[in-house]
Amino acid sequence: MALLGGAVLCLLVLMVCVSVSGRELSDFAHASNVSWLIDAGVGPILGDFELVEAGIAFAIFAFLPITQLKGAHAQVDVFTNGMGPRVNNALATFWTVIMAVIIVLITWRLFVGMQDKMRYGETTYLIQFPIWWAYAASLVAAIAASIVSLYCAAQRLAGQSLQ
């Protein structure tokens, strides 16, 4: 999932670069009255921000499984560093279980949201693609994140370290 999320992120970066370059070329063509560029339809990619919004949502959910598996979420351990390994292990187990519950809850609500978008036929403003497509892609990644987070919680509760 992380590789797929990374590939989507790279494609989004490339698309934004092309869109910004097209916007600048279009501005140049109009300011300089370069008709062949204007006639060629050089300009930004229509709906680029809509595609970035959908793609970033998917990428975030795609990175969750490996982040959870590696225990790589941001953490502030200023107060827990001085506590013993037993307390730290109990805290890690607690937060792993809480994170699993939260990810499963988000996945469920994402599914409900996708059903709403499908039911009402909601589309994006400029390119008119169905919003539920982005929800569906994110839902696939969220389901993978849920499975991994439940696995991590089970491992922690069984007393096994994830690292």
Sub-4.5 Å side-chain heavy-atom contact between Glu122 and Asp116: no

Any Phe58 side-chain heavy atom under 4.5 Å of Met1 side chain: yes

From CD1 (Ile127) to CD (Glu50), nearest 0.5 Å: 5.0 Å

Closest heavy-atom pair and its distance - Lys117, Tyr135: CE-OH, 3.5 Å

Distance-minimising heavy-atom pair for Thr107 and Leu139: O-CD1, 3.6 Å

Joint cluster assignment, Leu150 & Trp95, ILVMFWY side-chain distance < 4.5 Å: no

With sequence neighbours excluded, residues passing side chain to side chain donor-acceptor pair (under 3.5 Å) with Thr80: none

Gap separating the CG atom of Leu4 from the CZ atom of Phe61, nearest 0.5 angstrom: 14.5 Å

Contact summary for Thr93 and Leu157, nearest pair of heavy atoms: CG2-CD2, 3.7 Å

Any residue meeting salt bridge (Lys or Arg N to Asp or Glu O under 4.0 Å) with Arg86, in chain and number order, not counting sequence neighbours: none

hydrophobic_cluster_shared for Val112 and Trp133, side chain cutoff 4.5 Å: no

Joint hydrophobic cluster, Leu126 plus Met15, side-chain heavy atoms closer than 4.5 Å: yes

Heavy-atom neighbours of Glu53 CD exceed 12 at 6.0 Å: no

Heavy-atom pair with the smallest gap, counting every atom of Ser138 and Ala57: OG-C, 3.6 Å

Polar side chain donor-acceptor pair, Ser149 to Gln68, under 3.5 angstrom: no

From Ile98 atom CD1 to Ile103 atom CD1, the distance as rounded to the nearest 0.5 Å: 12.0 Å

Point-to-point distance, once rounded to the nearest 0.5 Å, from OH of Tyr151 to CG of Leu69: 7.0 Å

Contacts under 3.5 angstrom, residues 25-49 side chains, donor-acceptor by atom type, not counting sequence neighbours:
| residue | atom | partner | partner atom | Å |
| --- | --- | --- | --- | --- |
| His30 | ND1 | Ser26 | O | 2.8 |
| Ser32 | OG | Phe28 | O | 3.1 |
| Asp48 | OD2 | Ser19 | OG | 2.6 |

ILVMFWY network linking Val8 to Val18, side-chain heavy atoms under 4.5 angstrom: yes

Rounded distance (nearest 0.5 Å) linking atom SG of Cys17 with atom CG of Leu12: 11.0 Å

Residue pair Trp108 / Val104, side-chain heavy-atom distance below 4.5 Å: no

Heavy-atom pair of closest approach, residues Gly5 and Ala59: O-CB, 3.9 Å

Test item: Asn81 side-chain N/O and Asp77 main-chain N/O as donor-acceptor pair under 3.5 Å: yes

Thr123 OG1 to Trp132 CH2 distance, which is reported to the nearest 0.5 Å: 13.5 Å

Smallest separation among heavy atoms of Thr124 and Ile131, with atom names: N-CG1, 3.9 Å

From CA spacing to verdict: side-chain contact (heavy atoms from CB on, under 4.5 Å), Val148, Leu64: CA-CA 9 Å; Val148 169; Leu64 274 178; over 6 Å; no

